[in-house]
Amino acid sequence: MLTVRIIPCLDVSNGRVVKGVKFQGLRDAGVPADLAAVYERDGADELVILDVSATPEGRGTQLEVVRAVRARISIPLCVGGGVRNADTAFKLLNAGADKVGINTAAVEDPAILGELAARFGRQCVVLALDAASAASGGWEVVTRSGKNRTGIDAVRWAEAAAKAGAGEILLTSWDRDGTKQGYDLALISAIAGAVDVPVIASGGAAVPEHMADAVKAGADAVLAASIFHEGEYTVRELKFDMARLGVEVRK
Amino acid sequence: MVAVIETGTANIASMLAALERLGAGPKLCRDAGEIAAAGHAVLPGVGSFKAAMDGLERLGLRDAITKRFKEGRPTMTVCLGLQLLCLESEEDPGCAGLGIIPEKVVRFPEGLCVPHMGWNTVSPAPGCRLLSEGYAYFANSYCLRNVPAGWRGAYTTHGAPFVAALERGALLACQFHPELSGEWGLALMKRWLGETGTTCLQ
(Lines give C-alpha, C1' and ligand atoms only; values in the text may rest on other atoms or scores of the structure.)
Protein backbone atom coordinates (compact mmCIF):
# COMPACT_ATOMS: atom_id res chain seq x y z
CA MET A 1 0.00 0.00 0.00
CA LEU A 2 1.23 3.50 -0.82
CA THR A 3 2.45 5.39 2.20
CA VAL A 4 1.59 9.03 2.80
CA ARG A 5 4.45 11.26 1.70
CA ILE A 6 5.83 13.93 4.03
CA ILE A 7 7.29 16.72 1.93
CA PRO A 8 9.34 19.58 3.37
CA CYS A 9 9.30 22.67 1.19
CA LEU A 10 12.32 24.90 0.78
CA ASP A 11 11.49 28.46 -0.20
CA VAL A 12 14.50 29.72 -2.10
CA SER A 13 15.30 33.22 -3.28
CA ASN A 14 18.48 34.23 -5.06
CA GLY A 15 19.86 30.77 -4.36
CA ARG A 16 19.29 30.88 -0.58
CA VAL A 17 16.69 29.32 1.69
CA VAL A 18 14.67 32.25 2.91
CA LYS A 19 12.32 31.08 5.64
CA GLY A 20 13.89 31.07 9.07
CA VAL A 21 15.67 27.80 9.54
CA LYS A 22 16.81 26.71 12.98
CA PHE A 23 18.70 23.50 12.47
CA GLN A 24 21.43 22.38 14.73
CA GLY A 25 24.68 21.29 13.18
CA LEU A 26 24.30 23.31 10.03
CA ARG A 27 26.91 26.00 9.77
CA ASP A 28 24.86 27.90 7.22
CA ALA A 29 21.19 26.95 7.18
CA GLY A 30 20.64 29.06 4.11
CA VAL A 31 22.33 26.59 1.75
CA PRO A 32 19.58 24.58 0.01
CA ALA A 33 21.72 21.47 -0.64
CA ASP A 34 22.84 21.19 3.00
CA LEU A 35 19.29 21.52 4.24
CA ALA A 36 18.02 19.04 1.64
CA ALA A 37 20.55 16.45 2.77
CA VAL A 38 19.46 16.87 6.39
CA TYR A 39 15.82 16.40 5.44
CA GLU A 40 16.56 13.24 3.48
CA ARG A 41 18.53 11.79 6.38
CA ASP A 42 15.64 12.64 8.64
CA GLY A 43 13.16 10.62 6.58
CA ALA A 44 11.64 13.13 4.15
CA ASP A 45 9.87 11.28 1.33
CA GLU A 46 10.31 14.00 -1.25
CA LEU A 47 11.39 17.64 -1.41
CA VAL A 48 9.86 20.68 -3.02
CA ILE A 49 11.97 23.69 -3.88
CA LEU A 50 9.88 26.75 -4.49
CA ASP A 51 11.70 29.65 -6.05
CA VAL A 52 10.15 32.72 -4.50
CA SER A 53 12.56 35.20 -6.08
CA ALA A 54 10.64 38.35 -6.86
CA THR A 55 12.29 38.81 -10.24
CA PRO A 56 13.51 36.63 -13.12
CA GLU A 57 17.06 37.82 -12.34
CA GLY A 58 16.66 36.39 -8.85
CA ARG A 59 16.06 33.01 -10.44
CA GLY A 60 19.38 33.13 -12.28
CA THR A 61 20.81 30.69 -9.75
CA GLN A 62 17.84 28.29 -9.91
CA LEU A 63 19.54 25.67 -12.08
CA GLU A 64 22.68 25.73 -9.93
CA VAL A 65 20.55 25.17 -6.83
CA VAL A 66 18.78 22.22 -8.44
CA ARG A 67 22.08 20.67 -9.56
CA ALA A 68 23.62 21.11 -6.11
CA VAL A 69 20.59 19.60 -4.36
CA ARG A 70 20.35 16.70 -6.81
CA ALA A 71 24.02 15.86 -6.25
CA ARG A 72 23.26 15.34 -2.56
CA ILE A 73 19.88 13.60 -2.37
CA SER A 74 18.38 10.28 -3.49
CA ILE A 75 14.71 11.15 -3.11
CA PRO A 76 12.33 12.83 -5.56
CA LEU A 77 12.65 16.56 -6.10
CA CYS A 78 9.92 18.86 -7.37
CA VAL A 79 10.85 22.38 -8.42
CA GLY A 80 8.42 25.22 -8.91
CA GLY A 81 8.20 28.98 -9.05
CA GLY A 82 8.48 31.04 -12.19
CA VAL A 83 8.21 28.13 -14.63
CA ARG A 84 6.66 29.94 -17.58
CA ASN A 85 7.30 27.56 -20.48
CA ALA A 86 8.31 24.05 -21.53
CA ASP A 87 11.88 25.14 -22.15
CA THR A 88 12.37 26.23 -18.53
CA ALA A 89 10.78 22.98 -17.37
CA PHE A 90 13.15 20.99 -19.57
CA LYS A 91 16.17 22.80 -18.12
CA LEU A 92 15.01 22.10 -14.57
CA LEU A 93 14.45 18.40 -15.30
CA ASN A 94 17.84 18.22 -16.96
CA ALA A 95 19.46 19.83 -13.93
CA GLY A 96 18.02 17.18 -11.63
CA ALA A 97 14.38 17.96 -10.84
CA ASP A 98 12.11 14.92 -11.16
CA LYS A 99 8.98 17.02 -11.37
CA VAL A 100 8.16 20.59 -12.24
CA GLY A 101 5.42 22.60 -10.58
CA ILE A 102 3.48 25.01 -12.78
CA ASN A 103 0.86 27.50 -11.74
CA THR A 104 0.45 30.80 -13.59
CA ALA A 105 1.72 29.54 -16.95
CA ALA A 106 -0.78 26.66 -16.92
CA VAL A 107 -3.71 28.93 -16.05
CA GLU A 108 -2.77 31.27 -18.90
CA ASP A 109 -2.21 28.40 -21.34
CA PRO A 110 -3.36 24.93 -20.19
CA ALA A 111 -1.79 23.38 -23.32
CA ILE A 112 1.60 23.61 -21.59
CA LEU A 113 0.51 20.72 -19.33
CA GLY A 114 -0.17 18.46 -22.30
CA GLU A 115 3.03 19.54 -24.01
CA LEU A 116 5.11 18.66 -20.96
CA ALA A 117 3.26 15.38 -20.35
CA ALA A 118 3.83 14.28 -23.95
CA ARG A 119 7.55 15.03 -23.74
CA PHE A 120 8.42 13.89 -20.24
CA GLY A 121 5.48 11.85 -18.99
CA ARG A 122 2.73 13.14 -16.74
CA GLN A 123 4.52 12.01 -13.57
CA CYS A 124 6.84 15.01 -14.17
CA VAL A 125 4.01 17.51 -14.43
CA VAL A 126 2.74 18.97 -11.17
CA LEU A 127 -0.07 21.49 -11.23
CA ALA A 128 0.64 24.02 -8.48
CA LEU A 129 -2.90 25.06 -7.65
CA ASP A 130 -3.16 28.06 -5.34
CA ALA A 131 -6.74 28.48 -4.18
CA ALA A 132 -8.57 31.04 -2.04
CA SER A 133 -12.15 31.23 -0.82
CA ALA A 134 -14.34 32.88 -3.42
CA ALA A 135 -16.89 35.52 -2.45
CA SER A 136 -19.56 33.49 -4.21
CA GLY A 137 -18.70 30.32 -2.27
CA GLY A 138 -16.25 27.59 -3.22
CA TRP A 139 -12.67 28.48 -4.14
CA GLU A 140 -11.06 30.42 -6.92
CA VAL A 141 -7.63 29.99 -8.48
CA VAL A 142 -5.06 32.62 -7.63
CA THR A 143 -1.90 33.22 -9.65
CA ARG A 144 1.18 35.42 -9.59
CA SER A 145 1.99 34.56 -5.98
CA GLY A 146 -1.48 35.48 -4.82
CA LYS A 147 -1.51 38.85 -6.50
CA ASN A 148 -4.05 37.86 -9.13
CA ARG A 149 -7.49 36.44 -8.34
CA THR A 150 -8.67 34.74 -11.50
CA GLY A 151 -12.31 34.01 -10.69
CA ILE A 152 -11.71 30.48 -12.07
CA ASP A 153 -13.35 27.75 -10.00
CA ALA A 154 -10.56 25.72 -8.36
CA VAL A 155 -12.35 22.35 -8.58
CA ARG A 156 -13.19 22.77 -12.29
CA TRP A 157 -9.61 23.84 -12.95
CA ALA A 158 -8.20 20.80 -11.13
CA GLU A 159 -10.36 18.50 -13.27
CA ALA A 160 -9.37 20.24 -16.48
CA ALA A 161 -5.67 20.27 -15.60
CA ALA A 162 -5.64 16.56 -14.74
CA LYS A 163 -7.26 15.82 -18.11
CA ALA A 164 -4.79 18.13 -19.87
CA GLY A 165 -1.75 16.28 -18.53
CA ALA A 166 -1.03 17.13 -14.90
CA GLY A 167 0.05 13.99 -13.04
CA GLU A 168 -0.23 15.47 -9.58
CA ILE A 169 -1.73 18.50 -7.87
CA LEU A 170 0.12 20.55 -5.28
CA LEU A 171 -2.82 22.23 -3.61
CA THR A 172 -2.06 25.32 -1.53
CA SER A 173 -4.74 27.10 0.45
CA TRP A 174 -4.03 30.78 0.16
CA ASP A 175 -6.36 31.41 3.12
CA ARG A 176 -4.45 29.07 5.41
CA ASP A 177 -0.85 29.47 4.25
CA GLY A 178 1.26 30.69 7.17
CA THR A 179 -1.65 30.69 9.64
CA LYS A 180 -0.80 27.40 11.42
CA GLN A 181 -4.54 26.76 11.72
CA GLY A 182 -4.41 23.52 9.77
CA TYR A 183 -5.04 22.68 6.13
CA ASP A 184 -8.30 23.70 4.43
CA LEU A 185 -9.94 20.29 4.72
CA ALA A 186 -13.05 21.18 2.71
CA LEU A 187 -10.83 22.34 -0.17
CA ILE A 188 -8.75 19.14 -0.06
CA SER A 189 -11.86 17.01 -0.01
CA ALA A 190 -13.41 18.88 -2.95
CA ILE A 191 -10.29 18.62 -5.12
CA ALA A 192 -9.33 15.04 -4.19
CA GLY A 193 -12.91 13.98 -4.88
CA ALA A 194 -12.81 15.51 -8.35
CA VAL A 195 -9.54 14.05 -9.73
CA ASP A 196 -7.84 10.65 -9.74
CA VAL A 197 -4.29 12.04 -9.65
CA PRO A 198 -2.47 12.40 -6.31
CA VAL A 199 -3.12 15.56 -4.29
CA ILE A 200 -0.48 17.16 -2.05
CA ALA A 201 -1.98 19.27 0.74
CA SER A 202 -0.21 22.54 1.50
CA GLY A 203 -0.81 25.61 3.62
CA GLY A 204 -1.50 25.88 7.33
CA ALA A 205 0.08 22.81 8.95
CA ALA A 206 1.35 23.18 12.50
CA VAL A 207 0.87 19.83 14.26
CA PRO A 208 0.70 16.12 13.27
CA GLU A 209 -3.08 16.14 13.77
CA HIS A 210 -3.40 18.64 10.92
CA MET A 211 -1.57 16.26 8.63
CA ALA A 212 -3.59 13.25 9.67
CA ASP A 213 -6.77 15.27 9.07
CA ALA A 214 -5.58 16.21 5.57
CA VAL A 215 -5.03 12.54 4.77
CA LYS A 216 -8.52 11.69 6.02
CA ALA A 217 -9.87 14.47 3.79
CA GLY A 218 -8.25 12.80 0.78
CA ALA A 219 -4.66 14.09 0.52
CA ASP A 220 -2.04 11.61 -0.74
CA ALA A 221 0.85 13.67 0.58
CA VAL A 222 1.36 16.59 2.94
CA LEU A 223 3.71 19.50 2.47
CA ALA A 224 4.98 21.84 5.16
CA ALA A 225 7.71 24.40 5.52
CA SER A 226 7.85 26.36 8.74
CA ILE A 227 7.16 23.53 11.21
CA PHE A 228 10.32 21.82 9.94
CA HIS A 229 12.42 24.92 9.40
CA GLU A 230 11.62 26.32 12.82
CA GLY A 231 12.59 23.04 14.40
CA GLU A 232 9.17 22.40 15.94
CA TYR A 233 9.15 18.89 14.52
CA THR A 234 11.69 16.81 12.71
CA VAL A 235 10.31 14.70 9.86
CA ARG A 236 11.01 11.63 11.96
CA GLU A 237 9.02 12.92 14.94
CA LEU A 238 6.18 13.90 12.68
CA LYS A 239 6.07 10.44 11.10
CA PHE A 240 6.08 8.81 14.52
CA ASP A 241 3.07 10.87 15.55
CA MET A 242 1.26 10.34 12.26
CA ALA A 243 1.69 6.58 12.57
CA ARG A 244 0.22 6.84 16.07
CA LEU A 245 -2.74 8.67 14.52
CA GLY A 246 -3.28 5.75 12.14
CA VAL A 247 -1.58 7.14 9.02
CA GLU A 248 0.54 4.75 6.96
CA VAL A 249 4.04 6.31 6.62
CA ARG A 250 7.41 5.07 5.39
CA LYS A 251 9.54 4.14 8.37
CA MET B 1 32.14 2.01 -16.95
CA VAL B 2 28.39 2.20 -16.53
CA ALA B 3 26.62 3.09 -19.75
CA VAL B 4 23.41 5.04 -19.18
CA ILE B 5 21.37 4.60 -22.33
CA GLU B 6 20.13 7.91 -23.66
CA THR B 7 16.88 7.52 -25.56
CA GLY B 8 16.16 11.23 -25.63
CA THR B 9 12.87 10.77 -23.79
CA ALA B 10 14.08 10.06 -20.28
CA ASN B 11 14.89 12.39 -17.44
CA ILE B 12 18.18 10.90 -16.36
CA ALA B 13 19.80 13.51 -14.13
CA SER B 14 18.78 11.67 -10.96
CA MET B 15 20.13 8.35 -12.26
CA LEU B 16 23.45 9.97 -13.19
CA ALA B 17 23.67 11.65 -9.78
CA ALA B 18 22.99 8.38 -7.94
CA LEU B 19 25.62 6.51 -9.97
CA GLU B 20 28.10 9.34 -9.34
CA ARG B 21 27.50 9.10 -5.60
CA LEU B 22 28.17 5.36 -5.81
CA GLY B 23 31.44 6.08 -7.58
CA ALA B 24 30.30 4.13 -10.64
CA GLY B 25 31.43 6.60 -13.30
CA PRO B 26 28.27 6.81 -15.42
CA LYS B 27 28.52 7.73 -19.07
CA LEU B 28 25.64 8.75 -21.29
CA CYS B 29 25.57 6.49 -24.34
CA ARG B 30 23.56 6.34 -27.52
CA ASP B 31 26.02 4.23 -29.49
CA ALA B 32 25.10 0.56 -29.93
CA GLY B 33 28.72 -0.62 -29.89
CA GLU B 34 29.50 1.26 -26.71
CA ILE B 35 26.36 -0.07 -25.02
CA ALA B 36 27.17 -3.63 -26.08
CA ALA B 37 30.72 -3.32 -24.74
CA ALA B 38 29.96 -1.61 -21.41
CA GLY B 39 30.54 -3.62 -18.24
CA HIS B 40 27.24 -2.37 -16.83
CA ALA B 41 24.36 -0.71 -18.63
CA VAL B 42 21.29 1.14 -17.38
CA LEU B 43 18.10 1.70 -19.35
CA PRO B 44 16.39 4.51 -17.45
CA GLY B 45 12.88 5.37 -18.32
CA VAL B 46 10.28 8.00 -18.13
CA GLY B 47 8.06 9.14 -20.94
CA SER B 48 5.66 7.07 -22.98
CA PHE B 49 6.08 3.48 -24.20
CA LYS B 50 5.95 4.37 -27.88
CA ALA B 51 8.21 7.42 -27.62
CA ALA B 52 10.85 5.33 -25.84
CA MET B 53 10.59 2.40 -28.31
CA ASP B 54 10.78 4.83 -31.23
CA GLY B 55 13.89 6.34 -29.62
CA LEU B 56 15.54 2.91 -29.27
CA GLU B 57 14.67 1.99 -32.88
CA ARG B 58 15.86 5.32 -34.26
CA LEU B 59 19.20 4.95 -32.51
CA GLY B 60 19.45 1.30 -33.51
CA LEU B 61 19.76 0.13 -29.90
CA ARG B 62 17.17 -2.67 -29.85
CA ASP B 63 19.64 -5.45 -30.66
CA ALA B 64 22.36 -4.19 -28.32
CA ILE B 65 19.95 -4.19 -25.37
CA THR B 66 18.33 -7.52 -26.26
CA LYS B 67 21.75 -9.13 -26.59
CA ARG B 68 22.79 -7.98 -23.12
CA PHE B 69 19.70 -9.69 -21.71
CA LYS B 70 20.23 -12.88 -23.71
CA GLU B 71 23.81 -13.08 -22.46
CA GLY B 72 22.86 -12.13 -18.90
CA ARG B 73 25.32 -9.23 -18.78
CA PRO B 74 24.84 -6.68 -15.96
CA THR B 75 21.92 -4.57 -17.07
CA MET B 76 19.44 -2.58 -15.03
CA THR B 77 16.21 -1.13 -16.36
CA VAL B 78 14.07 1.36 -14.49
CA CYS B 79 10.35 2.19 -14.50
CA LEU B 80 9.28 2.37 -18.15
CA GLY B 81 12.53 0.47 -18.80
CA LEU B 82 10.98 -2.62 -17.18
CA GLN B 83 7.84 -2.25 -19.28
CA LEU B 84 9.83 -1.94 -22.51
CA LEU B 85 11.12 -5.49 -21.93
CA CYS B 86 7.59 -6.83 -22.45
CA LEU B 87 5.68 -7.67 -25.64
CA GLU B 88 3.43 -4.64 -25.58
CA SER B 89 1.61 -2.15 -23.35
CA GLU B 90 -1.93 -0.84 -23.03
CA GLU B 91 -0.31 2.60 -23.05
CA ASP B 92 0.32 2.36 -26.81
CA PRO B 93 -1.58 -0.55 -28.35
CA GLY B 94 0.07 -1.93 -31.45
CA CYS B 95 3.57 -0.74 -30.50
CA ALA B 96 5.89 -3.72 -30.03
CA GLY B 97 8.20 -3.76 -27.00
CA LEU B 98 11.54 -5.55 -26.83
CA GLY B 99 9.72 -8.85 -26.23
CA ILE B 100 12.29 -10.21 -23.79
CA ILE B 101 9.49 -10.86 -21.30
CA PRO B 102 6.48 -12.57 -22.92
CA GLU B 103 3.90 -10.52 -21.05
CA LYS B 104 1.67 -7.52 -21.63
CA VAL B 105 1.80 -4.32 -19.57
CA VAL B 106 -1.62 -3.18 -18.33
CA ARG B 107 -3.12 0.05 -17.01
CA PHE B 108 -4.24 0.31 -13.40
CA PRO B 109 -8.02 -0.11 -13.24
CA GLU B 110 -10.44 2.81 -12.89
CA GLY B 111 -11.09 4.03 -9.38
CA LEU B 112 -7.47 3.90 -8.25
CA CYS B 113 -5.28 6.95 -7.81
CA VAL B 114 -3.17 7.12 -10.99
CA PRO B 115 -0.26 7.69 -11.42
CA HIS B 116 0.65 5.28 -8.62
CA MET B 117 3.02 7.79 -7.07
CA GLY B 118 4.98 7.58 -3.87
CA TRP B 119 6.69 5.10 -1.58
CA ASN B 120 5.36 1.59 -1.49
CA THR B 121 6.56 -1.67 0.04
CA VAL B 122 8.79 -4.08 -1.87
CA SER B 123 8.36 -7.73 -0.91
CA PRO B 124 10.85 -10.02 -2.64
CA ALA B 125 10.21 -13.72 -3.16
CA PRO B 126 12.52 -16.17 -1.40
CA GLY B 127 15.70 -16.69 -3.38
CA CYS B 128 16.13 -13.11 -4.58
CA ARG B 129 19.81 -12.16 -4.43
CA LEU B 130 19.71 -8.46 -5.25
CA LEU B 131 16.26 -7.40 -4.08
CA SER B 132 15.57 -6.90 -0.41
CA GLU B 133 12.55 -5.97 1.68
CA GLY B 134 11.96 -2.23 1.92
CA TYR B 135 10.20 0.87 0.64
CA ALA B 136 10.77 2.17 -2.88
CA TYR B 137 9.62 5.25 -4.77
CA PHE B 138 7.25 4.56 -7.68
CA ALA B 139 5.70 6.78 -10.35
CA ASN B 140 3.76 4.61 -12.80
CA SER B 141 0.37 4.45 -14.49
CA TYR B 142 0.94 0.99 -16.03
CA CYS B 143 2.22 -2.24 -14.54
CA LEU B 144 3.20 -5.85 -15.05
CA ARG B 145 0.95 -8.17 -13.05
CA ASN B 146 2.99 -11.38 -12.74
CA VAL B 147 6.59 -12.41 -12.37
CA PRO B 148 7.40 -14.27 -15.62
CA ALA B 149 8.91 -17.77 -15.70
CA GLY B 150 12.69 -17.79 -15.36
CA TRP B 151 12.78 -14.66 -13.20
CA ARG B 152 12.64 -14.01 -9.49
CA GLY B 153 10.73 -10.97 -8.40
CA ALA B 154 9.26 -8.69 -5.80
CA TYR B 155 5.68 -7.49 -5.56
CA THR B 156 3.99 -4.38 -4.29
CA THR B 157 0.29 -3.57 -4.07
CA HIS B 158 -1.87 -0.79 -5.49
CA GLY B 159 -5.42 -2.10 -5.39
CA ALA B 160 -4.01 -5.50 -6.42
CA PRO B 161 -0.45 -6.85 -6.40
CA PHE B 162 1.88 -6.01 -9.29
CA VAL B 163 5.55 -6.52 -10.08
CA ALA B 164 7.86 -4.13 -8.21
CA ALA B 165 11.04 -5.62 -9.68
CA LEU B 166 12.52 -8.63 -11.43
CA GLU B 167 15.97 -10.16 -11.19
CA ARG B 168 17.84 -12.90 -12.98
CA GLY B 169 21.55 -13.18 -12.31
CA ALA B 170 22.99 -9.76 -13.11
CA LEU B 171 19.81 -8.57 -14.78
CA LEU B 172 17.67 -6.22 -12.70
CA ALA B 173 14.43 -4.65 -13.86
CA CYS B 174 12.78 -2.20 -11.45
CA GLN B 175 9.31 -0.71 -11.77
CA PHE B 176 10.30 1.69 -8.98
CA HIS B 177 13.10 4.24 -9.17
CA PRO B 178 16.08 2.89 -7.20
CA GLU B 179 17.86 6.20 -7.81
CA LEU B 180 15.06 8.00 -5.93
CA SER B 181 14.57 5.40 -3.21
CA GLY B 182 16.97 6.80 -0.63
CA GLU B 183 19.59 4.65 1.08
CA TRP B 184 17.64 1.47 0.32
CA GLY B 185 17.71 2.20 -3.40
CA LEU B 186 21.40 3.10 -3.40
CA ALA B 187 22.19 -0.16 -1.56
CA LEU B 188 20.30 -2.12 -4.23
CA MET B 189 22.19 -0.33 -7.01
CA LYS B 190 25.45 -1.02 -5.20
CA ARG B 191 24.69 -4.75 -5.07
CA TRP B 192 23.86 -4.72 -8.78
CA LEU B 193 27.09 -2.84 -9.56
CA GLY B 194 28.92 -5.64 -7.76
CA GLU B 195 27.59 -8.20 -10.27
CA THR B 196 30.01 -9.40 -12.91
CA GLY B 197 27.34 -11.26 -14.83
CA THR B 198 29.33 -14.06 -16.34
CA THR B 199 26.66 -16.59 -15.50
CA CYS B 200 22.96 -16.35 -16.01
CA LEU B 201 20.42 -18.24 -13.95
CA GLN B 202 18.29 -20.49 -16.05
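Every chain is numbered from 1 and lettered A, B, ... according to where its sequence line falls, protein lines coming before strand lines.
When heavy atoms are compared at a cutoff of 4.5 Å, B:L112 approaches chain A solely by way of its backbone atoms N, CA, C and O. For chain B, the nearby parts of A:R250 are the backbone and the side chain; heavy atoms of each come within less than 4.5 Å. With a 4.5 angstrom heavy-atom cutoff, A:V249 touches chain B only via backbone atoms. At a 4.5 Å heavy-atom cutoff, A:L77 makes no contact with chain B through either its backbone or its side chain. Only the backbone of A:A97 comes within contact range of chain B, with heavy atoms under 4.5 Å apart. Proximity to chain B is absent for every atom of A:R41, based on heavy atoms less than 4.5 angstrom apart. Both the backbone and the side chain of B:S14 have a heavy atom closer than 4.5 Å to some heavy atom of chain A. Neither the backbone nor the side chain of A:A117 comes within contact range of chain B; no heavy atoms are under 4.5 Å apart. Of the two parts of A:D98, the backbone and the side chain both hold a non-hydrogen atom closer than 4.5 Å to a non-hydrogen atom of chain B. With a 4.5 Å cut-off on non-hydrogen atoms, B:E179 touches chain A through its backbone but not through its side chain.
When the candidates A:R122, A:R67, A:E40, A:R70 are compared by the number of heavy-atom contacts under 4.5 Å with chain B, A:R70 comes out ahead. Ranked by heavy-atom pairs under 4.5 Å with chain A, the first of B:L180, B:N120, B:L186 is B:L180. Your options are B:A139, B:P115, B:A17, and the one with the most heavy-atom pairs under 4.5 Å with chain A is B:P115. Counting heavy-atom pairs closer than 4.5 Å to chain B, the top-ranked of the candidates A:G167, A:A95, A:G96 is A:G167.
B:W184 places none of its side-chain heavy atoms less than 4.5 Å from the side chain of B:W119.
Expressed to the nearest 0.5 Å, how far CD of B:E90 lies from CZ of B:F49 amounts to 11.5 Å. One finds the CG atom of A:L47 at 8.5 Å from the OH atom of A:Y39 (value rounded to the nearest 0.5 Å).
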Practice item. Might you work through the ring-ring contact (aromatic ring centres under 6.0 Å, His included) test for B:F162 and B:H116, ending with a clear yes or no? Key: CA-CA 11 Å; B:F162 71 91; B:H116 166 252; 5.2 Å; yes
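Salt bridge absent: B:E167 and B:R152 never bring a charged side-chain N and a carboxylate O closer than 4.0 Å. Classification of B:E91 and B:K50 as a salt-bridged pair fails, no side-chain N sitting under 4.0 Å from a carboxylate O. Between A:R156 and A:E159, at least one side-chain nitrogen of the basic residue sits less than 4.0 Å from a carboxylate oxygen of the acidic one, meeting the salt-bridge criterion.
Side chain of B:H177 to main chain of B:M15: no donor-acceptor pair is present (N/O by atom type, distance under 3.5 Å, no hydrogens or angles).
Crowding of B:E183 atom CD: a count of heavy atoms from other residues, nucleotides or ligands under 6.0 Å not exceeding 12.
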